[in-house]
Amino acid sequence: MKVSRCILGLFLIAFLSQACAFSRGTLGDEINADAIAAIKKGATTQAEVLHLLGAPDRLMQLNGRDVFQYYRYDAKAGSLLLIILNFSRLSMKSDDLFVILSKDGLVEDVISSKRTDGIKFRFWPFGQ
Amino acid sequence: MYKSVIFWLVAAVVCLPSFGCNVVRVSLNTPLTPEDVAFIVPGDTTLTDVVTKLGVPDALTDSETGILATYRFIDLKYSRVNFGWLAKPWTPVDPDLIFSRTGLAVDAFQVAFDPDWVVQHHAFQRRLSMPPFYPNPF
């Protein structure tokens, strides 16, 4: 009885999700949260940052200080294809991490945010 | 008789815009509004305050007076109507009569910091109103 209900449920889901398309694209690897937590301001060195996170995606000079930038992009697209009327929506967000190094080669500041957690598959292109 | 003709004409006019219609939207990051950045007080707010409220900027660049943080966001709206769909049931060929329009709203919010990471000034690069879904290209 349970098996037949499961099969029926699967068929229902499969039937209702016809004419839908889900796509996803990512750029870069996930930035390791444990590695970010391991970086201590005023104590961690440049070499340790490189060991923990690898080479940065971008290296900048800001106000005489080196800044390592790490980023990752995530995109989710949902489409509803109703033959004569199609809706699509692509949402893209990024995770960024900036490690600011002092002239002594020690970490001065770390700023990071994870925006990709809130990204969802959406079909409806209207509104926010 | 007339009533039924009028009914079908009205129905055709109402349904016409949805024939062969595509509506697409692409967004990068969540657009910031002037209300979102109202908390920033030049000479008082620091980088930490800005990052706590708005998240990490997309770019940090050097300037002569300090550091410039940039938050970028894009909102693209595309709509397309193919009126050729109306003729499809009656023709052996696949006719197309396409009207489409793309509206790209690109904006950025820039915050300038002094060397001690205190906000000096801030501004939107260009305040674009969000483009509507409007397939008429003329």
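The model shown is predicted, which means the values in this text are computed figures rather than measured ones.
Annotation for Asp29(A): atom CG does not count as buried by contact number, only 12 or fewer foreign heavy atoms lying within 6.0 Å.
When heavy atoms are compared at a cutoff of 4.5 Å, Leu47(B) approaches chain A solely by way of its side chain, counted from C-beta outward. Leu60(B) touches chain A through backbone and side chain together, each having a heavy atom under 4.5 Å away. For Arg115(A), the part sitting under 4.5 Å from any heavy atom of chain B is the side chain, from C-beta outward, and nothing else. For Phe126(A), the parts sitting under 4.5 Å from any heavy atom of chain B are the backbone and the side chain alike.
For the atom pair Ser94(A) OG and Asn29(B) CG, the distance stands at 5.0 Å (nearest 0.5 Å). Between atom CG of residue Asn22(B) and atom CG of residue Leu85(A) there is a gap of 8.0 Å, rounded to the nearest 0.5 Å. Here CZ of Phe113(B) is found 11.0 Å from CG of Leu62(A). Values are rounded to the nearest 0.5 Å. Taking CG of Leu90(A) as the reference point, atom CG of Leu76(B) lies at 9.5 Å (rounded to 0.5 Å). Atoms SG and CG, from Cys21(B) and Asn86(A) in turn, are 8.5 Å apart once rounded to the nearest 0.5 Å.
The shortest non-hydrogen separation linking Arg58(A) to Ala59(B) is NH1-CB, 4.4 Å. Of all non-hydrogen atoms in Arg65(A) and Pro115(B), the two that sit nearest each other are NH2-O, 3.3 Å.
Under the 4.5 Å side-chain contact rule for hydrophobic residues, Phe124(B) and Tyr71(B) share a cluster. The cluster map of Ile, Leu, Val, Met, Phe, Trp and Tyr, joined by side-chain heavy atoms under 4.5 Å apart, puts Phe39(B) and Ile111(A) in the same cluster. Hydrophobic cluster membership differs between Phe138(B) and Ile98(B), with clusters built from Ile, Leu, Val, Met, Phe, Trp and Tyr side chains linked at under 4.5 angstrom. Residues Ile67(B) and Val41(B) are members of separate hydrophobic clusters, defined by side-chain heavy-atom contacts under 4.5 angstrom among Ile, Leu, Val, Met, Phe, Trp and Tyr. Following chains of ILVMFWY side-chain contacts shorter than 4.5 Å, one cannot reach Leu68(B) starting from Ile100(A), and the two form parts of different hydrophobic clusters.
For the side chain to side chain donor-acceptor pair (under 3.5 Å) test, no residue two or more places apart in sequence or in another chain qualifies with Lys76(A). Applying the side chain to side chain donor-acceptor pair (under 3.5 Å) criterion to Gln120(B), with sequence neighbours excluded, gives no partner residue.
By a heavy-atom distance cut of under 4.5 Å, Val51(B), Gly55(B), Val56(B), Pro57(B), Asp58(B) are the residues of residues 49-58 of chain B near chain A, going up by number.
Annotation for Val110(A): hydrophobic cluster partners, listed by chain and number, are Ile31(A), Ile36(A), Ile39(A), Val49(A), Leu50(A), Leu52(A), Leu53(A), Leu59(A), Phe68(A), Tyr70(A), Leu97(A), Val99(A), Leu101(A), Val107(A) (ILVMFWY side-chain heavy atoms under 4.5 Å, direct or chained).
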